[in-house]
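Note that ligands are numbered from 1 as they come in the structure, with each ligand's atoms numbered from 1 the same way. Numbers here simply count residues along the sequence, with the first being 1.
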Amino acid sequence: MHDQSAVEELAVRLADAGSDGAAALAAPPSARAQVVADARKISVAHARLEHLFDSGSLEEIGAEVLHRSTDFGLEKKRIAGDGVVTASGLVDGRPVFAFAQDRTVLGGSLGQAHAMKIARLQDLALRAGAPLVAINDSGGARIQEGVDALGGYGEIFRRNVAASGMIPQISLIAGPCAGGAVYSPALTDFVGMVDASSFMFLTGPKVVKTVTFEDVTVEELGGATTHAQLTGVSHFIWKDDLEAIDQIRKLLGYLPSNNREAPPFVESTDPVDRMNPEFHDIVPADPRKPYDVRGVIELVVDAASFMEVHANWARNIVVGFGRLGGHVIGLVANQPAVLAGVLDIDASRKAARFIRTCNAFDIPLVSLVDVPGFLPGRHQEHGAVIDHGAKLLYAYCEARVPKLSVILRKAYGGAYIVMSSQHVGGDVNLAWPRAEIAVMGANGAVEVLNHREIQAAADPAAKASELKDAYEQKFLNPNIAAQRGYLDAVIEPHETRRKLYRHLRVLLNKREWTPPKRNGNIPV
Ligand code: HXC
């Protein structure tokens with residue numbers, strides 16, 4: 001069922017239900033599940049879960065649960081299930097647990113009974129070693145239930161953290177979400193939002209107005225664009241709820257069910273020894289010329305297997321999943337098309353987070369390096385680039401999964417060390433013949449080292465040029481690094497895919513021992 005496009009599938013479902021498929025196509029794009037729900041006379045929450053699971057595999061649990069509150073007239077508002085559908089089922093034949101909150105029941109707000117249902121589902125998912133998908137559509141803690149509601153969120157948060165790194169946890173924000181309905185997602189591995197109809201904030205505009213007298217729209221405060229581009233709170237932005245759920249199914253396909261399993265292998269029809277002369281055209285020889293590194297990624301991985309994560313935030317670095325010879329890999333690539341691929345606060349946070357996710361779920365890392373260094377300046381320093389850059393460094397050092405890298409063009413300064421170099425634990429380090437590895441570029445180096453000599457010269461410009469040439473000859477190539485053994489091989493660009501695969505296949509069983517009782521203290 002899920003191999004058709006979402007729209008076609010919806011039309012088919014509606015036809016099955018005796019409704020008019022055309023109505024779905026005309027529906028507002030953000031909430032197509034509403035159309036399914038109306039046609040089938042089920043709740044939107046239920047329709048969303050049905051779309052998530054393989055056809056006919058959904059098993060609901062706790063459908064009869066009622067809240068017990070009698071405050072503020074709540075005794076007259078008891079609805080079976082208490083505003084959340086909790087269920088298990090299969091996604092591509094693999095077990096998954098999921099819940100979906102129902103905005104039509106007390107705003108999807110979370111009271112004690114609602115919380116107990118979610119906490120029970122979290123316990124089951126962890127015991128079963130299966131992913132948990134959370135479809136959030138809730139105003140947060142149910143105001144009328146007071147401390148029972150707050151305590152309920154505490155129970156959920158604690159379980160989110162206990163499950164972190166044990167099972168994949170994926171959150172979809174499918175409506176206006178506040179308070180605990182955004183804090184719980186923030187504790188999970190991935191957050192996705194539906195464009196124009198989902199919002200995330202600690203507290204919504206109505207409450208903001210009462211506290212700070214500020215007028216702010218929901219979109220400005222916490223719309224999908226705000227979180228996918230500006231804050232990075234959301235890893236994905238999807239155009240409507242059913243597309244979002246299709247993409248979550250796809251994302252699950254890259255992840256193991258738990259931290260004791262390998263990620264799913266998918267037989268590849270794309271030859272692992274495919275050569276790519278196109279690299280010579282994609283990557284300009286001049287190291288100052290931009291290009292889109294996603295063009296390189298697409299050719300390295302198995303055909304059409306790249307799924308980008310955080311595509312709209314910190315675009316100077318690209319991260320995402322792909323497959324190499326059928327094995328899942330996590331890609332981290334500097335992006336010369338945006339800010340020349342420089343590393344800054346957001347790029348460091350984005351890559352560090354992705355590396356930690358890959359490390360948790362045994363996904364080997366492939367880093368494509370083309371980086372001029374860290375972005376200098378007051379804004380970055382005052383924003384704690386020291387800590388955020390260190391976070392990326394820490395993530396690479398700490399990752400125990402196979403770590404492979406290719407320097408495509410340049411790797412300068414701290415960024416050379418950080419980006420999976422042998423010195424921080426890289427298992428395989430390759431470089432293209434034009435790679436430049438140095439503490440800094442020729443202009444900066446000559447300025448620091450030779451400014452007196454240049455000033456004293458009869459022709460300062462000619463002297464500067466001569467010194468830069470000498471520096472470039474000496475440093476701006478991979479030779480010294482290869483001679484020292486810091487690079488394992490200098491490879492021709494066209495053989496990048498083949499070489500990476502051959503190194504990956506022998507590292508798949510890599511195991512690194514860590515002491516059982518150790519809590520590394522990551523910079524924040
Ligand atoms: C009880 C709630 C509710 C809540 C919404 N509703 N939030 N009921 N508790 N938290 C009810 C409304 O009364 C309304 O009921 C219905 O849901 C729809 O809400 P509207 O406001 O009409 O919808 P909308 O305009 O779309 O605005 C959605 C919203 C807004 C932005 C989410 O409802 C809102 O600001 N709610 C409060 C958000 C919040 O501050 N929550 C507490 C967070 S504290 P009727 O009967 O009129 O249809 C928290 C603790 C954890 O969660 C903190 C983590 C550290």
Can you sort out the partners of [X] under salt bridge (charged side-chain N to carboxylate O under 4.0 Å, His left out), two or more places apart, ordered by chain and number?
X	value
D292	R294
R323	none
E219	none

Just by modelled atom types, is the V208 backbone N or O under 3.5 Å from a matching donor or acceptor in the T212 side chain?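 The answer is yes, because a donor-acceptor pair under 3.5 Å joins these two groups.
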Does S234 use its side chain to pair, donor to acceptor, with the backbone of A228 at less than 3.5 Å?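 Side chain of S234 to backbone of A228: no pair is present.
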Write none if no such pair exists; otherwise list each N/O atom of ligand 1 with its protein N/O partner under 3.5 Å and the distance.
| unit_1 | atom_1 | unit_2 | atom_2 | d |
| --- | --- | --- | --- | --- |
| ligand 1 | 9 (N) | I143 | N | 3.1 |
| ligand 1 | 10 (N) | G139 | O | 3.1 |
| ligand 1 | 10 (N) | A141 | O | 2.9 |
| ligand 1 | 17 (O) | G107 | N | 3.4 |
| ligand 1 | 21 (O) | K206 | NZ | 2.5 |
| ligand 1 | 25 (O) | K206 | NZ | 3.2 |
| ligand 1 | 40 (O) | T203 | OG1 | 2.9 |
| ligand 1 | 41 (N) | G139 | O | 2.7 |
| ligand 1 | 52 (O) | A141 | N | 2.8 |
| ligand 1 | 52 (O) | G180 | N | 2.8 |

With ring centroids as reference points, do H310 and F354 lie under 6.0 angstrom apart? no
